[in-house]
Amino acid sequence: MKVAISAYGTDLNSEINPRFGRCDHLLIVDMEDNSVESFANENMSLGGGAGIQTAGFVVSKGVQAVITGSCGPNAMDVFKSANVDVFTGQAGTVRQVIARFSQGELRPSDQANVTEKSGMASPAPASQGTVGPGGGRASGCRANGGKGMGMGRGGGMGRGMGSGMGRQR
């Protein structure tokens, strides 16, 4: 059986990423031979549809179960249609949740535990540095009627430094 886990890193000691669709990495563990494959999540920065695309990728890898912190309704629909069990509400390291899974301590979820698009502004864990409000994203200056949308990263200092292009009215 193959199990996919949303993670911040690429190995079994990585912390679980609470966001499924926008997680940094996906680890796929084959429970039969204990092999681990790590994949960077190429969908994490999509403007929309990250959960659906990430779920489709996981299904294409032959996964029968997903372990994550949260899963939105669109990704959950993909998993339901592919008969993939989803175990939400998980935290700790990948190694810890795999142990709990193999011991039968986890119970599958039958519905999403977050709303659509809720993973767009989730902060990193303390061990990964502090991210400012909105996950480091910042709106552009609204002075003089500007409507910019900066996508700056605060460098772990809690300050998103957007560089949006303001429009004068």
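Side-chain N or O atoms of Gln53 include none that pairs as donor or acceptor with a backbone N or O of Gly51 at under 3.5 Å. Asn41 places a side-chain N or O within 3.5 Å of a backbone atom of Cys23 that can act as its donor or acceptor partner. At distances below 3.5 Å, at least one donor-acceptor pair connects side-chain atoms of Thr54 with backbone N or O atoms of Gly21. For the pair Gln103 (side chain) and Phe101 (backbone), a donor-acceptor distance under 3.5 Å is absent. Side chain of Ser14 to main chain of Tyr8: no donor-acceptor pair is present (N/O by atom type, distance under 3.5 Å, no hydrogens or angles). A donor-acceptor pair under 3.5 Å is absent between the side-chain atoms of Glu37 and the main chain of Val29, judged by distance alone.
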Determine, step by step, whether Glu15 and Thr93 satisfy the side-chain contact (heavy atoms from CB on, under 4.5 Å) criterion, reporting the C-alpha distance in whole Å, the side-chain angles of both residues, the deciding distance to 0.1 Å, and the verdict. CA-CA 4 Å; Glu15 291 287 321; Thr93 66; 3.7 Å; yes

Do Ile98 and Met31 pass the side-chain contact (heavy atoms from CB on, under 4.5 Å) test, and can you show the C-alpha distance, the side-chain angles, and the key distance before you say yes or no? CA-CA 9 Å; Ile98 287 295; Met31 301 301 289; 4.1 Å; yes

Asn17 and His25: side-chain contact (heavy atoms from CB on, under 4.5 Å), yes or no, with the steps? CA-CA 8 Å; Asn17 190 318; His25 298 278; over 6 Å; no

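Within the 4.5 Å cutoff, the side chain of Ser38 has heavy atoms near those of the Leu27 side chain. Using a 4.5 Å heavy-atom cutoff, the side chains of Val94 and Asp11 are not in contact. Between Phe79 and Val58 there is a side-chain heavy-atom pair separated by less than 4.5 Å. Counting heavy atoms from C-beta outward, Lys61 and Phe39 have side chains that approach closer than 4.5 Å. The closest side-chain heavy-atom distance from Arg95 to Asn13 is below 4.5 Å.
When all heavy atoms are compared, the tightest approach of Arg22 to Ser45 is NH1-C, 3.9 Å. Closest approach of Ala91 and Ile16 over heavy atoms only: C-CG1, 4.1 Å. Contact between Val86 and Cys71 at its shortest, heavy atoms only, is CG1-CB, 4.2 Å.
Here OG1 of Thr10 is found 12.0 Å from CG of Leu26. Values are rounded to the nearest 0.5 Å. Atom CG of Asp110 and atom CE of Met76 lie 7.5 Å apart (nearest 0.5 Å).
For the residue pair Ser6/Thr68, the side-chain donor-acceptor check at 3.5 Å is satisfied.
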